[in-house]
Amino acid sequence: MFEPVDNQVSFPKLEEIILEFWKRRQIYDRSLKLRENCEKFVFFEGPPTANGLPHPGHCLTRAMKDLFPRYRTMRGYLCERKAGWDTHGLPVEVEVCKELGIHSKEEIENYGVEPFIHKCQQSVWRYMQEWERLTERLGFWIKLDEAYVTYHERYVESVWWSLKVLFDRGHLYRGHKIVWWWAQGGTALSSGEVGQGYRTVADPSAYVLLPLVDDPDTNLLIWTTTPWTLPSNQFAAVNPDIDYVTVVDEELGCKLVIAKDLVESIAEKTKRQLRVEAEYRGRDLIGKRYMPPFDYYYPTRKDEQGELTEGGKQHVMWRVVPADFVTTDSGTGLVHQAPAFGEVDYEVLVREQQRFVSGSGPDLICAVGPNGKFTEEAEDLADMWVKDADKLITRKLKESHRLYFLDQYLHEYPFCWRAENDPLIQYPRQSWFIRTTEFKQRMLDNNQQINWLPEHIKHGRFGNFLESNVDWALSRERYWGTPLPIWVCEKTGQMEAIDSYAALQQKPGARGFEAWEQAKRINPELPDDLRVHKPYIDEITYDSPFASGASMRRAPEVIDCWYDSGAMPFAQWGFPHQNADRFFQQFPADFISEALDQTRGWFYSLLAISTLVFDEQTDAIPEIPFPHPFRNCIVLGLMLSEWYESKKNPSDIRLTKQEADEAFGVGNYSQSVGKMSKQKRNYLAPSELFNRYGADALRWYFFANQPPWTPIRYSEQQIKDSIPEFLLRLWNVYGFFLIYANIDEFDPSLELRELDENSQLRSHELAKAESYRPIAERSEIDRWILAELDETINLVTERMDAYDNFNACARINGFVDALSNWYVRRSRSRFWGSEKRSRDKLDAYWTLYECLIQTSKLIAPFVPFVAESIWKNLTGVFGERTVESVHLCDFPESGHREDANLAHNMNLLREIASLGRAARMEAKLKVRQPLNAVTVILGPQADQQWLRAHDSILREELNVKSLNCTPDVGAYVTYQIQPNFGRLGQRLRALLPKVKQILGNADGAKLLDELNRVNRVTLQVEGQSIELDSEDIQVRLVANPGWAAAQGDGVVVVLATELTPELIIEGLARDIIRLVQDRRKELKLDFSDRIKLELSTDSAELKQAIADFKDLIMDETLTVKLEILNQPRASMPTNSLNQFKLSIGIEIDNG
RNA sequence: GGGCAUAUAGCUCAGUUGGUUAGAGCGCGUCGCUGAUAACGACGAGGUCCCAAGUUCGAAUCUUGGUAUGCCCA
C-alpha cells in the first residue's frame, strides 16, 4: 500500500515534515558524503550581513544558490557549500549608533572605541536566528556551522596577508580621496547618506575672467557656483574636441575665450554684444598659461616648472588642460579646476601629476581646513566658513575686475542628513589606495573568460566599469573593520605590512599587548578574535628597523569591507596560514550568484583582489589561468514589490487584489509597483509566505516565471498561483496514481525483490519486474509519454548545464502538463477496468509509476520538498531497499526512448482533437452528444496511415462513431499555395512577391496534381521561367465556410453534424448517466458502492433511451438492479433534462 | 549628463541564426466533464510587437534616431 494523500494538501505542513526528516536522517551531509571522491563543483557564498532582517530579495539569491549546487550534486559532483557572514563596516556601526542614540565620530570616541567595538561585534548577530531560519526553511542547503566570518582572527590575518602581498609589490599607496565631507561633524558621508540630503538651493553663479599670461587682454571665461573654491584654482579645463572662439566685448574692451556653441546663450544672459574674432579647436588652447583669480599662491609659485616624463619641462600649474567631461550644456565650455574640491577635478590633477617625473609635478592646493574654514594660506579669508566667504570673494573679484557677470543659480545640493542646515562640501582626505588601474588590462582579460548570465553584463555594465577603473580607495576612517595592517616609522615615515598577529609578536621590541590582555581579564567572555581589532591592535608597537630608537605605529585606518568579502576565496580558509590544500581544491569557483547591485560590489572586489594577488607566481602559489576567482556568474534582477494603495489614504495598503477589494471596495484603490520598503511594509515577510504557501511555491515562482536576471516582482498573487499551475497539477497526477494503485493493489516492490541495495529505481531496474513489459510492446500512448520523459530529461539536463533554469522549468512544466492532460486523461479508462492485473492496466501502472519516479528526481533541485515527499511515498513500499531520499539519487538519465516521430504523431492527434472540439463548439454540439462521423483532411500519407491506425483515441475524445481520413479536399476545403520563403528567398530575391502572387492565384489542386505527377512546376515570372519542386512550396488548407470545420496547420477537421434519432437517444442515455452520477455524489456514495436504481419519467424518448442503453447505464453507474417506475416516489428528486423530466432514486445495494 | 537594460494580449512574461497565421500562464467570456471531484478540462475573445526612418524579396527580431521606464554612475 502506498500512503494515501489528501487532495487538499497543505504544502507548508508537508514541508515541515520533510525538514524534520532531512535533519533527523542528515540527508544533506550524506549527499556530500556520497560524492566524497568525485569531481568538484565549487560554489562561493557571497556573505550577507546579518544585522538586518532577511528580505524577500534574499530568498531569490538563496534559492538560486541552492538550485545549482543541488543539481550538480545529483549529477555526481562534490559541491561543498560553506556559509559566510559579512560582519564589518559602516552599516553595523550605524546600527550601534542608533541604539546608543549617537551619530558623530566625536560622540563615538566619547563613548569609547572599546565598548563601541564590543557592541558592534554583538550587533552583527542580532538577526542571526532569522537568517538561519530563513535559510533552512527555504531548503537552502549550506553549512551554517562551518561559516566563515569576516571578523574572525584567521579571516583577518588572511586578508592581512593579501594586503601585505600587494604592499610588498608596491600596489598599495597613500594618496588623497575627495569625499563628501561634513565639516561641522568632521566626518565623511557615504554616497547613500549623501543621496538622502539633497535640497534645492540658490547659489551664486559667477562668470570669472582669467587673463592669459602671454596676452593679458584675452581672458579665459570660466563659470562656477562655488566661488569659495576659486582661491584653490589650479587649472582650467577644455574639451579638446569642441570648437572654441575668441569674442570681442567692445563695451568692456576685452576679449573672451568661450565655446563656440555657447556664444549666443552667454551674450543673451549677460546682455552683451559679442563679436567672434577667431575660431579654433579646444586642443589648440591646451598648455596656454593664465593668471588665477586670486594671488594667494600665484606670485610665489607662478614660475614653478617640472620635468615631464616624456622629456622637457612645463609649468606645473595655471594652464589649460584637456578633459573629456567638459561639455557645452551649460557654463562657458571652460571649467575651473580646484582639485581639492571635486572628484573629477582631482582626477585631472592626478593625470597631470602622472605627466611629470615623480615629485616634480603639481601638488594639491587646498586653502580650506577640515573644519570648512579657510586656512592662514588664504590670508584675509582665514577662519571664514567657506559658504560665508562667497560674498566676500565675489566682491573682491569685482574690485579686481575679474568678475564678468554675477547671477543666482538654483540647483540641488547635498546637506547633512542629520544636521539639516549643514551643507556638505567635497574635501580631500588622506586615504590608502590599491593601484588597480595598473591591472586594468589584466582584469579585462580575466573578465573576458568569465561566463556572465546574462551575457551583456560582461561587456556592458561590468566591462564598462572595469574600463573606467580608478584606483581602489581602500581605507576608512572608522572603527569596526579589518585594521589596515601597515605600521609606520614615527621618525622616517617608512612603512611595512604585517600578515599575522604572530608576526607582530615576533617583532623586536614588540609591546602593547597588555591592552588586550587586560580587557580579556576584565571580561573573559570577549571573543579572542577581537584582539586583532581596534582599539587593541593600535596599541601594539615595535622597534623601527628604519631608525634606531623609533617605534613602528599602526596606520589608524580600517579597510573597506568590500575588500573583506572579495578576499573570501582564500580568507574563508585562512589561507595561506592554514588550509592551503582546501584553498587550492576550492579555487576558482564554478558558480556564484548575486543581484545586479553587486557588479561594483562583490563581483568587482572578487575579481580585482584575485587578479592582483594571484598575478605573480610564487613558491606558494602556482600560476592560475583565467578566469578566477569565478567561472560562471548569474546576475539576478532586482526584486520589486507589488501592492495596492487606498485612494482615500495612500499609506493604507494591501498586498493582494482580493484583500484590497475587501478592505477598500472595488476600484477604490490603485496598484503600485516599486522598491520594497521597510517603512511602507509593502511586501510579505518571507516567513509569512512560507506559512501560507510554502517554500516550494516560492522557489518554483522564482525559477519558472522569468529568466532570473529580469527584475522580479514579489507578487503574493503570483506566488500563490504557482501552486495550482504546477505543484498541484503534479500532485493530482500523483494522487490519481495512489488512489488506483491502492485499489488495484499495484505494488512494484512485490515483483522486485532482487533489487540492488539502495536502488534508485532506474528504468532498467524497474524492467526486471515480471509484469513490466518491454516498451516496444506497450501501447502507443505509453511509448509516447516515456519518450516525452526521456526527451524532457535530455533537455532539462542540457539547459541546467547552461545555467538556464527558466527553460528547464518550462520543459518540466510542459511534461507535467502532458502527463496530466493527455496521458492520464486518455488513460483513465485503463485504470477503471475491473480486471486488476490485465496487461494493459499493468502497462499503465508501470508507465505512470516510472514517470512519477523520474519526475520526482527531475524536480528535486527545484522543489526539493514536494520531490522528496513524492519519492518517499512511491518508494516506501520497498522499505529499506531503495535510497531513502530523492536528494541522494542521481539526476535521472534518459532511457533513450526518445521518438521524434511518435511525438510528431501524438501532437498531430492532440491538435486534431483540439480542432474537433473547436468545431463542436462552433456547431454548439456538446461532447456528450454522439455524432456519426468526423472527417480529417490532411496531406502527408504517413500521417494519414498513423491516424487511421489510432482513430480510437479520437473517436472517444470527440465522441463520434467513425473517423474518415482523407487527402481529398471535397467541398470542405480549398488549397492555398505559398512559396517556401526560407528556401526561395535566397534564390529569387525580388521576384519572390510575384511568385507569391502567382501561386496564390493559381488553382491549388491543379498545381499540386502537377507537382505530384512530374515533381515540378514551371512559372513564368517577368519573362523568366522559374521551376519549383515540391520542397519549394507550402500548402495550406483552408476550411470552406458552411461546414462545422476547424483548420489548423496543414489539417482540417470536419464534423458530420447530422443528428439521427438513434444518436439523439444515445445522447439522452449519456445525460441520464450523468444525472445518476450527480445523485451518487450528492448522496456521498463511495466509488465502489453498488446501487439499486429507480427511474421515473413521462418522456417517451427518455424511456426509450433507458431501454436501449440499459446495460450501459447500469454498467457506468454500478447499478445492480434497475427499475422503471410509472410514478416517482416522493423521496425521488426530479431533474430537468432538455425539455423532459427525470426522477431518480438510489439505494445502496452492496449485496 | 554618461553607461547598461527594458518596452510584445487587461496582468505577468516567453519568442532560439530575419521567413509571411506572434505564443504561454493568470484574468475575462462561453461551455464541457462529473470514478483526479471544494478538483479537472476544452474553446473563445483580446495584439499598430513603444514611435519613426532605414537595410532586406521579407523585420517583433538587424541598423540609426526618438520616447517612456528601471538600475548604476556622475
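In the set B:A36, B:U12, B:C4, B:C4 carries the atom at the smallest distance from any side-chain atom of A:His456. Looking at the side chain of A:Thr710, the nearest of the listed nucleotides B:A14, B:C26, B:C73 is B:A14. Counting only heavy atoms from C-beta on, A:Leu992 has its side chain closest to B:U20 among B:U20, B:C43, B:G35. Out of B:U12, B:A36, B:C72, the shortest distance to the side chain of A:Arg461 is found at B:C72. Looking at the side chain of A:Ala990, the nearest of the listed nucleotides B:A36, B:C57, B:G3 is B:C57. Taking only side-chain atoms of A:Arg1074, from C-beta outward, the nucleotide of B:A14, B:C43, B:U34 with the closest atom is B:U34. With B:C71, B:A14, B:A36 as the candidates, the nucleotide lying closest to the side chain of A:Pro707 is B:A14. Of the candidate nucleotides B:C26, B:A36, B:C71, B:C26 has the atom lying nearest to any side-chain atom of A:Glu725.
A ring-centre distance under 6.0 Å is found for A:Trp452 and A:Phe603. Aromatic ring centres of A:Tyr693 and A:Tyr701 lie farther apart than the 6.0 Å criterion allows. A centroid separation of less than 6.0 Å is found between the aromatic rings of A:Tyr604 and A:Trp472.
None of A:Phe831, A:Phe2, A:Trp731 except one satisfies the ring pair (Phe, Tyr, Trp, His ring centres under 6.0 Å) rule with A:Phe736; the exception is A:Phe831. A:Glu956 pairs in a salt bridge (charged side-chain N to carboxylate O under 4.0 Å, His left out) with only one of the listed residues (A:Arg826, A:Arg825, A:Arg828), which is A:Arg826.
Between the OH atom of A:Tyr734 and the P atom of B:A36 there is a distance of 18 Å, rounded to whole Å. Rounded to a whole Å, the CG atom of A:Asn821 is 14 Å from the C1' atom of B:G32. If you take CZ of A:Phe736 and P of B:C40, they are 15 Å apart, rounded to a whole angstrom. Per the geometry, CG belonging to A:Asn705 stands 21 Å off P belonging to B:G23, to the nearest Å. Atom pair A:Leu640:CG and B:C71:P shows a separation of 8 Å (rounding to whole Å applied). Rounded to an integer number of Å, the gap from CD1 of A:Ile743 to P of B:A36 is 10 Å. With rounding to whole Å, A:Leu638 atom CG is found 15 Å from B:U6 atom P. Between the CG atom of A:Asp597 and the C1' atom of B:C72 there is a distance of 10 Å, given to the nearest Å.
Within the nucleic acid shown, A:Val824 comes within 4.0 Å of at least one base atom, counting heavy atoms only. Residue-level contact check: A:Phe806 touches the backbone only, with heavy atoms under 4.0 Å from sugar-phosphate atoms and none from bases.
Using a 4.0 Å cut-off between charged side-chain N and carboxylate O, A:Arg983 and A:Asp1032 make a salt bridge. No salt bridge links A:Glu791 with A:Arg811; every basic N to acidic carboxylate O contact stays at or beyond 4.0 Å.
Checking the phosphate oxygens (OP1, OP2) of B:A36, a side-chain nitrogen or oxygen of A:Arg828 falls inside 4.0 Å. The phosphate of B:G41 (OP1 or OP2) has a side-chain N or O of A:Arg729 nearer than 4.0 angstrom.
Counting heavy-atom neighbours within 6.0 Å of A:Gln997 CD, excluding the residue itself, gives a total of 12 or less.
For the strand RNA chain B, secondary-structure stems (runs of at least three Watson-Crick or G-U pairs, all distances below 3.5 Å) span B:1-7 with B:67-73, B:10-13 with B:23-26, B:28-32 with B:40-44, B:50-54 with B:62-66.
Each of A:Gln978 and A:Asn732 was assigned the nucleotide of RNA chain B with the nearest heavy atom; the assignment lying further toward the 5' end belongs to A:Gln978. Where A:Gln1077 and A:Asn464 meet RNA chain B, the nucleotide closest to each residue was compared, and A:Asn464 sits on the side nearer the 5' end.
Within 3.5 Å, no donor on the side chain of A:Arg825 pairs with an acceptor on the base of B:C40, nor the reverse.
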